[in-house]
Amino acid sequence: MFGAVLAAVLMLASEAGAAASVTAVSGAAPLIATAPVTAVTGQPATTGASMTAAAETRHALGTFDVSITPVQRAPDAAPDAPGRMTLKKTFHGGLTGTGVGEMLATMAGGNSGAYVAMERVTGTLEGREGTFALVHRGLMDQGAQDLLITIVPGSGTDGLAGITGVFHLTIEGGEHRYDLEYSLPAN
């Protein structure tokens, strides 16, 4: 998705905020996002709440469709102000449901930039229905990409209350794939 975000930012800059939808970046290298790994355990690090031994770590695998739509800039916005976009997703596979959110993105010199986003997911996981929030942080430094998407601690509701984890994403050939590494308390 980071490549699509950067494409949307470039489009914003070149088209001065014209409404459009970006779903893939043609010719982009595959994007692989991984969570930071702790030096002590070699396991993915978690932010905020920790994944405890009481709640087994699981993986939900699948694909998702995404529409990223630029929001038109205010007439008095600075030319180098971050671009704002809305997100709409449909998840297929281990997690089924939808996601909606907003992101801010900016381009720097060369092949560098950054984005942040907040997303609300409504869906079913392990037959349990509910919602949770994801926080995105993506950086690109001269083409080198660093992406971290985590479940916001305490954001789970209903059947997904107490969920923690990391959302890993890959984009290859325009297809968005996910591996939601998560823990859920027992029912």
Side-chain angles (χ1 to χ4, degrees), residues 1-11 20-38 42-47 51 55-70 85-105 111 113-141 143-152 155-156 159-160 163-184:
M1 170 156 53
F2 187 47
V5 171
L6 292 177
V9 172
L10 288 171
M11 183 176 57
S21 179
V22 177
T23 56
V25 178
S26 61
L31 171 67
I32 301 174
T34 60
V37 174
T38 64
Q43 295 298 313
T46 58
T47 304
M51 291 185 202
E56 179 183 332
T57 300
R58 299 173 186 228
H59 292 265
L61 305 172
T63 62
F64 65 94
D65 305 310
V66 60
S67 174
I68 302 172
T69 305
M85 288 138 274
T86 59
L87 297 170
K88 291 184 181 178
K89 294 181 182 174
T90 304
F91 296 97
H92 314 280
L95 168 66
T96 58
T98 59
V100 294
E102 289 196 26
M103 76 172 63
L104 292 173
N111 198 14
Y115 92 91
V116 293
M118 298 297 293
E119 176 181 0
R120 186 65 154 176
V121 175
T122 302
T124 303
L125 184 64
E126 292 183 22
R128 296 165 65 169
E129 294 181 24
T131 66
F132 59 90
L134 293 172
V135 59
H136 301 234
R137 177 202 137 295
L139 296 172
M140 190 159 87
D141 184 2
Q145 300 175 356
D146 179 28
L147 178 61
L148 177 61
I149 305 171
T150 57
I151 296 174
V152 175
S155 67
L160 301 179
I163 190 170
T164 60
V166 178
F167 186 94
H168 304 279
L169 134 76
T170 58
I171 303 172
E172 291 187 42
E175 182 177 59
H176 294 74
R177 296 186 124 343
Y178 69 85
D179 174 355
L180 179 60
E181 180 181 359
Y182 69 97
S183 290
L184 259 174

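Computed from heavy atoms alone, side chains included, the values below leave out hydrogens, waters and symmetry copies.
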Side chain proximity check, [X] to [Y], heavy atoms < 4.5 angstrom:
X      : Y      : value
Leu147 : Leu139 : no
Val152 : Met118 : yes
Glu181 : His168 : yes
Thr63  : Glu175 : yes
Thr150 : Leu134 : no

Which pair of heavy atoms, one from [X] and one from [Y], lies closest together, and at what distance?
X      : Y      : value
Ala117 : Leu87  : CB-CD1, 4.3 Å
Leu125 : Ala60  : CD1-CB, 3.6 Å
Leu184 : Gly159 : CD2-O, 4.1 Å
Met85  : Ala105 : CE-CB, 3.8 Å

Legend entry - For Ser155, side-chain hydrogen bond (donor to acceptor under 3.5 Å, both in side chains) partners two or more places apart: none
Legend entry - Partners meeting side-chain hydrogen bond (donor to acceptor under 3.5 Å, both in side chains) with Asp141 (sequence neighbours left out):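 Partners of Asp141 by the side-chain hydrogen bond (donor to acceptor under 3.5 Å, both in side chains) criterion come out as none, since no residue qualifies.
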Legend entry - Those residues that, when tested against Glu129, pass salt bridge (Lys or Arg N to Asp or Glu O under 4.0 Å) (two or more places apart): none
Inset, instruction - Please list, chain by chain and in numerical order, all residues satisfying salt bridge (Lys or Arg N to Asp or Glu O under 4.0 Å) with Arg137, sequence neighbours excluded. - result: Asp146
Legend entry - Residues Glu126, Arg58: salt bridge by 4.0 Å N-O rule: yes
Can you tell me how far the [atom1] atom of [X] sits from the [atom2] atom of [Y], to the nearest 0.5 Å?
X      : Y      : atom1 : atom2 : value
Glu119 : His136 : CD    : NE2   : 4.0 Å
Thr69  : Met103 : OG1   : CE    : 10.0 Å
Ile163 : Leu180 : CD1   : CG    : 5.5 Å
Ile149 : Leu169 : CD1   : CG    : 5.0 Å
His176 : Ile171 : NE2   : CD1   : 3.5 Å
Asp179 : Leu61  : CG    : CG    : 5.0 Å

Inset, instruction - Please check if the side chain of Tyr178 supplies one atom and the backbone of His92 the other of a donor-acceptor pair under 3.5 Å. - result: yes
Inset, instruction - For side-chain contact (heavy atoms from CB on, under 4.5 Å), just list the numbers for Met140 and Asn111, CA-CA rounded to whole Å, side-chain angles, deciding distance to a tenth of an Å, and then say yes or no. - result: CA-CA 7 Å; Met140 190 159 87; Asn111 198 14; 2.9 Å; yes
Inset, instruction - Would you kindly check if the NZ (Lys) or CZ (Arg) of Lys89 is within the cone defined by 45 degrees around the ring axis of Phe167 and under 6.0 Å from the six-membered ring centre? - result: yes
Inset, instruction - Using the salt bridge (charged side-chain N to carboxylate O under 4.0 Å, His left out) rule, collect all pairs that involve residues 90-102, keeping only residues at least two apart or in two chains. - result: Arg84-Glu102
Inset, instruction - Name all residues meeting the side-chain contact (heavy atoms from CB on, under 4.5 Å) criterion together with Thr98; count only those two or more places apart in sequence or in a different chain, and write none if there are none. - result: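 For Thr98 the side-chain contact (heavy atoms from CB on, under 4.5 Å) partners, ignoring immediate neighbours, are Thr122.
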